[in-house]
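Just below is one structure, and these are the notes that go with it.
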Amino acid sequence: MAARTQMLQKWPISLPSSTSLHRSRNYEAKTRIRARPISLSIVNAQSDVKKEEIVIIGAGIAGLATAVSLQRLGIRSLVLEQTESLRTGGTSLTLFKNGWKVLDAIGVGNDLRSQFLEIQGMEIKSEDGRELRSFKFKDEDESQEVRAVERRVLLETLANQLPPDAISFSSKLSFIERSEKGEILLKLEDDTQMSAKIVIACDGIRSPVAKWMGFPDPRYVGHCAFRGLGFYPDGQPFEPKVNYTYGRGVRAGYVPVSPTKVYWFICYNSPSPGPKITDPSLLRQKTEELVGNWSTELLNIIKSSPDDTIIRTPLVDRWLWPGISPPASTGTVVLVGDAWHPMTPNLGQGACCALEDAVVLAKKLAQVMKFGTMSIEDAFKSYGSERWPRIFPLTVRANLVGTLLQSENPVVCSVRNNIVVPKLVRLGPMLEHTNFEFEPLY
């Protein structure tokens, strides 16, 4: 334990400070809070500390799905979200049948299906417009289900399953400690303090809790992505299929999301993540520089995208090497989703795996909270042991797929476009990872 404590103390974090926070309960803190390092020191309980059984940090996909999963099992949790409302920015994400299986299990699948198109297949072209390959998902796997879902709608749908007081907004973590009684003390930037028996960290790829637990920052993989959401108020004209174009060091794609919206992306090589770009005109200019000579369909979709839907993000991942990476939990603190296993989007499994994490963890916690069949620590260890053999290979595979697709080498690109994609790739085996079984929640 001493060795473990020393390792955790090697990773202090200074969290950014904030000037004004607006609590969901209309509380306003006007005092600037000085950031404090996160550490694993032992503290004494204080009388003004609020008591919570389970605290979930982060109201993203992983956090809300975990909260809903627990609620389905009759277990209450409190979700802390650092922003003033749901983080509904971003564009859309692709969910395969494993993701839909989880959404059905937690009771929101049909609500979402009614709003988004089922994608029938995919078509792959070279940058000169030559078709390399086309597939139909049902031909390869009758049970496959693929839909692109707006992130905003997914988050709102999940949040609407929870009681009104289940999410505390403007609740940014500034300090985390373990009490002498073994509980976790959390301090927020407005000086609110609470203790929790269980902390579930779903705070994303830059998770402060993951760093506190000894995890390194995610690694930049060498390429960035532009993403956006084209809007067609009179109806979009595209067939329900994924359209990919592969170039040298650049690839792009688009897929209809709903009758009026089309998701698109451009992925390009860059030696460094570069500065953050938020100016919409500059974002559009960069996309035109990358694919200006490609399909006019793609360019028209980009032009039809509202400014607030266009984003640029560096792509990162973290490989959970056996025997080297820290475990998914320490004591009664556990990581879920991107906080534990950020992966590149090349397999479309980031959100799906976060949803899987949520139901697996909830089921194991239910064994603790309702039946007492194991300790919290053992439940979290069991969760990590069960999820790691699935997460680690997917993270590595997604990275390698991206490396092949982003190659700038003309020989590699020629082999990819003339041999690998047209003759060797089989969609069925490629999507084998979307088969996922888990115990029913109830």
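Not measured: the values here are computed from a predicted model. Hydrogens, waters and symmetry mates are skipped; everything else that's a heavy atom, side chains included, is used.
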Acceptor/donor pairs from residues 252-259 side chains to any protein atom, 3.5 angstrom cut, sequence neighbours excluded:
{"unit_1": "Tyr254", "atom_1": "OH", "unit_2": "Glu297", "atom_2": "OE1", "d": "2.4"}
{"unit_1": "Ser258", "atom_1": "OG", "unit_2": "Thr260", "atom_2": "N", "d": "3.4"}
{"unit_1": "Ser258", "atom_1": "OG", "unit_2": "Lys261", "atom_2": "N", "d": "3.3"}

Which salt bridge (charged side-chain N to carboxylate O under 4.0 Å, His left out) pairs, counting each pair once, include a residue from residues 155-171, with sequence neighbours left out?
-> Arg152-Glu156
Which donor-acceptor pairs under 3.5 Å do side chains of residues 67-76 form with protein atoms, sequence neighbours excluded?
{"unit_1": "Ser69", "atom_1": "OG", "unit_2": "Ala65", "atom_2": "O", "d": "2.8"}
{"unit_1": "Gln71", "atom_1": "NE2", "unit_2": "Gln161", "atom_2": "O", "d": "2.5"}
{"unit_1": "Arg72", "atom_1": "NE", "unit_2": "Ile106", "atom_2": "O", "d": "2.7"}
{"unit_1": "Arg72", "atom_1": "NH2", "unit_2": "Ile106", "atom_2": "O", "d": "2.9"}
{"unit_1": "Arg72", "atom_1": "NH2", "unit_2": "Gln161", "atom_2": "OE1", "d": "3.0"}
{"unit_1": "Arg76", "atom_1": "NH1", "unit_2": "Glu52", "atom_2": "OE1", "d": "2.9"}

Sorted by chain and residue number, the side chain to side chain donor-acceptor pair (under 3.5 Å) partners of Ser375 (sequence neighbours excluded) come out as Asp378
Non-neighbouring partners of Asn418 that pass side chain to side chain contact (heavy atoms under 4.5 Å, CB included), sequence neighbours left out | Arg130, Ser414
Any ring pair (Phe, Tyr, Trp, His ring centres under 6.0 Å) involving residues 375-398? Give me the pairs, sequence neighbours left out, ordered by first then second residue.
-> Trp321-Phe392, Trp340-Tyr383, Trp388-Phe392
Side chain to side chain donor-acceptor pair (under 3.5 Å) partners for Asp111, two or more places apart | none
Tell me, please, which residues at least two apart from Arg397 pass side chain to side chain donor-acceptor pair (under 3.5 Å).
-> His433
The side chain to side chain contact (heavy atoms under 4.5 Å, CB included) partners of Pro422 (sequence neighbours excluded) come to none
What pairs of residues pass the ring pair (Phe, Tyr, Trp, His ring centres under 6.0 Å) test when at least one of them lies in residues 393-412, not counting sequence neighbours?
-> none
Can you list the residues that meet the side chain to side chain donor-acceptor pair (under 3.5 Å) rule with Ser304, with sequence neighbours excluded?
-> none
Close side-chain approach of Glu177 and Lys187, heavy atoms under 4.5 Å = no
Just grab all the salt bridge (charged side-chain N to carboxylate O under 4.0 Å, His left out) pairs involving residues 399-426, residues at least two apart or on different chains.
-> none
